[in-house]
2 protein chains.
Amino acid sequence: MTIEKTTISDVAKYAKVSKSTVSQFLNERYEYMREETRERIEQAIEELNYQPNNVARSLKLKSTATIGVIVANILHSFSTQVIRAIEDTLNENDFSTIICNADDNPKKEKNYIETLLARQVDGLIVFPTSGNRELYKRLVDSNFPIVFVDRYVNGLNSDAVMLDNEKAIHMAIEHLLTNGYEDIAVLTTSIDTAVVPRVERVQGYKSAMKRFDLPIREAYIKSRDLPVLKKGIAELFKLEKPPQAIVSGNDLTLMEFLKYASEHDLKIGSDVGLVTIDEVNFMEIHNPPITTIAQPTFEMGEKAVELLLDKFDDSNQSEGAQIYRFDPSIIVRKSAEKAGVRI
Amino acid sequence: MTIEKTTISDVAKYAKVSKSTVSQFLNERYEYMREETRERIEQAIEELNYQPNNVARSLKLKSTATIGVIVANILHSFSTQVIRAIEDTLNENDFSTIICNADDNPKKEKNYIETLLARQVDGLIVFPTSGNRELYKRLVDSNFPIVFVDRYVNGLNSDAVMLDNEKAIHMAIEHLLTNGYEDIAVLTTSIDTAVVPRVERVQGYKSAMKRFDLPIREAYIKSRDLPVLKKGIAELFKLEKPPQAIVSGNDLTLMEFLKYASEHDLKIGSDVGLVTIDEVNFMEIHNPPITTIAQPTFEMGEKAVELLLDKFDDSNQSEGAQIYRFDPSIIVRKSAEKAGVRI
DNA sequence: CTGAAAGCGCTTACAG
DNA sequence: CTGAAAGCGCTTACAG
């Protein structure tokens, strides 16, 4: 089963040179190499079908050229999209990516951080849960290259790539108001664990209501864990004054709402207006098509990689960590139009 | 920026023992270790905040405990689901996973295979394109642990985890027939590159038609690349006798069909019956909800890992490679019911 | 019960 | 232009 690999020594012997010279060749330092030597090595590598061992290289170089990515919840399509961008960008820069899914579970997350560090990843990009502040603090304090995405960890001086969540909610609400919906409710997953985007989206809801001189009704704010969110939605529509429109915090909360709506024969648009954050492929084919506040997922992933790679560049003095906010954009479709009404 | 790591030597010095003894401790070989020694080492590790370096360990052990996963197209939700299962299962067995997306591009795929091998992954799980037969052949012939998922590479004696594609199509067609649809067309992505499941699905279509004594109309078989599939769909409905129902090969072809249907005001169910392969979250909330032939994605991912790990077990003589076929199941919803007609 | 030594497969000053 | 030597951080027979 075990295949004896051919090593650099085999190549050296075969080409009748030293290991050093082969190594020079492998690292493309041809400057002082005779044409003939180069060809001999080239041939030896070919004949022996030699494949360099990167583990050995990594050990010597103290760099593995791999980045660990830990995502809180890979089922969330925003995450998949950003990860896709991260992997692409990293790959372009000759880095490998190890993707881990923490399932919103701090224990799993901790475990992943530790095994990634043991594997000597050169840096970490993480969508953090809020359960490992101390661990992250230690990493950040010791200057280990790390950048956060989507969420940040409170009180840590580290880079983070975030959506402008307040703006996102404002856009959603403004669109709804323009289209004649006034009593607007917001749906997010639970904010008990203080996950930043959810908190910001709820705050954004409140500030938007204030800005548009509308009352803030606590009963219109439903932040619940996914399995019990539908109950919350039901409560909303049992209210004396049920909402005329819904802002859904992401694609997962949207699914719950859509299920509720179809079970209760609520017509999207005419019965309830709807805008959701996060663009997913099925928005377009839903009937009616769903108006969406999209995050620039590709740019966000790219930025995260860029920030991380900058840290490897010694010439770049760390000029203090920052939170980078990205602008959402609205994709107007039909879910926030009352029957017949056109803007 | 670089943090000097504490190494096993530091721990040894601090605990006043040799590196060997620390290593014994790390590998939990306590048999011959004095209680007191153990405690001293434990403390030293704690004090120095020592983290073992897995790269060094891997080099010595010639095993990295990591598996490379190469997926042909990560945008395909079947792949995401299987990968999720693979990662979970691997993680339970203390293996790391490196996921790479080949984008259905043999060149990218080749590149990934090479870098994964250079990184000394212990094995490979791959959803192969059909462009690297020779490379895969070399790997399989040299006994490198590899298992294929979803597709296999022709003429290679290797394990593969596959859907019973013929059965899947038969189930779809039988369901459609039972519900009163007779003229049935099938949609898949292009079969020019001979990607196995597509080919099998088209074959399955033909064998099903034969089995049910229906004519096989070539014009009802549309196998096109995604960007031009919609044109193929249009052709279908311009036929003298347009199909009464559609079997969609996967979630991506489904999207194209759904877009076409909504643009042309085709009512799913009453105007055209529809069954698709691959269960995705939005099937349920689509209007009408979509009847689906589901693949047992979790079991398939789990099986792939199991087959791979078996190869590491020397006691298991390789009893010849096999193709493992998994049974699809049907999730009946409303997209294959004519208005008013109930089964 | 514990330590000295060799070695995994590379890279990199340094010498010549 | 090329080679000998040391070393990256571990593990594992082997000796005592």
Side-chain angles (χ1 to χ4, degrees), chain A residues 2-42 44-45 48-66 114-115 117-122, chain B residues 2-42 44-45 48-66 114-115 117-122:
Chain A
T2 22
I3 315 118
E4 337 50 38
K5 297 275 176 88
T6 85
T7 73
I8 201 171
S9 301
D10 301 327
V11 176
K13 238 175 269 165
Y14 193 99
K16 298 194 195 318
V17 294
S18 76
K19 292 192 297 172
S20 323
T21 308
V22 178
S23 179
Q24 304 287 8
F25 174 89
L26 291 172
N27 291 289
E28 300 180 15
R29 280 192 274 276
Y30 303 134
E31 296 100 73
Y32 303 109
M33 202 173 294
R34 251 188 311 173
E35 178 70 17
E36 190 220 319
T37 313
R38 211 181 76 190
E39 276 165 9
R40 259 205 338 266
I41 296 176
E42 220 155 23
I45 288 176
L48 300 176
N49 193 15
Y50 168 69
Q51 293 267 27
N53 179 333
N54 246 305
V55 170
R57 184 165 209 272
S58 295
L59 176 59
K60 181 65 193 175
L61 260 35
K62 291 164 171 271
S63 154
T64 51
T66 113
E114 279 164 359
T115 84
L117 291 179
R119 274 162 206 279
Q120 312 297 113
V121 294
D122 291 343
Chain B
T2 23
I3 316 118
E4 343 44 42
K5 298 276 176 89
T6 86
T7 73
I8 201 173
S9 302
D10 301 326
V11 176
K13 238 175 269 164
Y14 194 99
K16 299 196 194 314
V17 295
S18 76
K19 292 192 296 172
S20 323
T21 307
V22 178
S23 179
Q24 304 287 8
F25 174 88
L26 291 173
N27 291 288
E28 298 180 17
R29 281 192 274 277
Y30 303 133
E31 296 101 75
Y32 304 109
M33 202 172 294
R34 251 188 310 172
E35 178 70 17
E36 190 220 318
T37 313
R38 214 181 75 190
E39 275 166 10
R40 261 207 334 269
I41 296 176
E42 220 155 23
I45 288 176
L48 300 176
N49 192 16
Y50 168 70
Q51 292 268 28
N53 179 332
N54 246 305
V55 170
R57 185 165 208 270
S58 295
L59 177 59
K60 180 65 193 177
L61 261 34
K62 291 166 171 265
S63 154
T64 52
T66 113
E114 279 164 0
T115 84
L117 290 179
R119 275 163 205 280
Q120 314 297 111
V121 294
D122 291 343

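Proteins come first, then strands; the chains are lettered A, B, ... in the order of their sequence lines, and each starts at number 1.
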Seminar exercise, completed: Protein heavy-atom contacts under 4.0 Å, written 5' to 3' over nucleotides 8-16 of chain C as B (base), S (sugar-phosphate only) or - (none), form the string BBBBB----

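The CD atom of E35(A) sits 11 Å away from the P atom of dT2(D) (whole-angstrom rounding). Remark: P of dT2(C) and OH of Y30(B) are 14 Å apart, rounded to the nearest angstrom. Here the P atom of nucleotide dT2(D) and the CD1 atom of I41(A) are 8 Å apart, to the nearest Å.
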For this session: Assess whether side chain to side chain contact (heavy atoms under 4.5 Å, CB included) is satisfied between R57(A) and N27(A), documenting all intermediate values.
Result: CA-CA 11 Å; R57(A) 184 165 209 272; N27(A) 291 289; 2.6 Å; yes

Exercise. For DNA chain D, what dot-bracket results from Watson-Crick or G-U pairs at under 3.5 Å, with [ ] for crossers and | for inter-strand partners?
Worked result: |||.||||||||.|||

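The shortest distance between side-chain heavy atoms of I45(A) and F25(A) falls below 4.5 Å. By the 4.5 Å heavy-atom criterion applied to side chains, I8(B) and L26(B) are counted as neighbours. In this structure, the side chains of R119(B) and T64(B) stay at 4.5 Å or more apart for every pair of heavy atoms.
Shortest non-hydrogen contact noted between T7(B) and Y50(B) is C-CE1, 3.5 Å.
No side-chain donor-acceptor contact under 3.5 Å links S23(A) and S20(A).
Under the rule for a side chain to side chain donor-acceptor pair (under 3.5 Å), R38(A) has no partner lying at least two apart in sequence or in another chain.
At a threshold of 4.0 angstrom between heavy atoms, the contacts of S58(A) with the nucleic acid are absent.
For the atom pair OG1 of T115(A) and CD of Q51(B), the computed distance is 10.5 Å after rounding to the nearest 0.5 Å.
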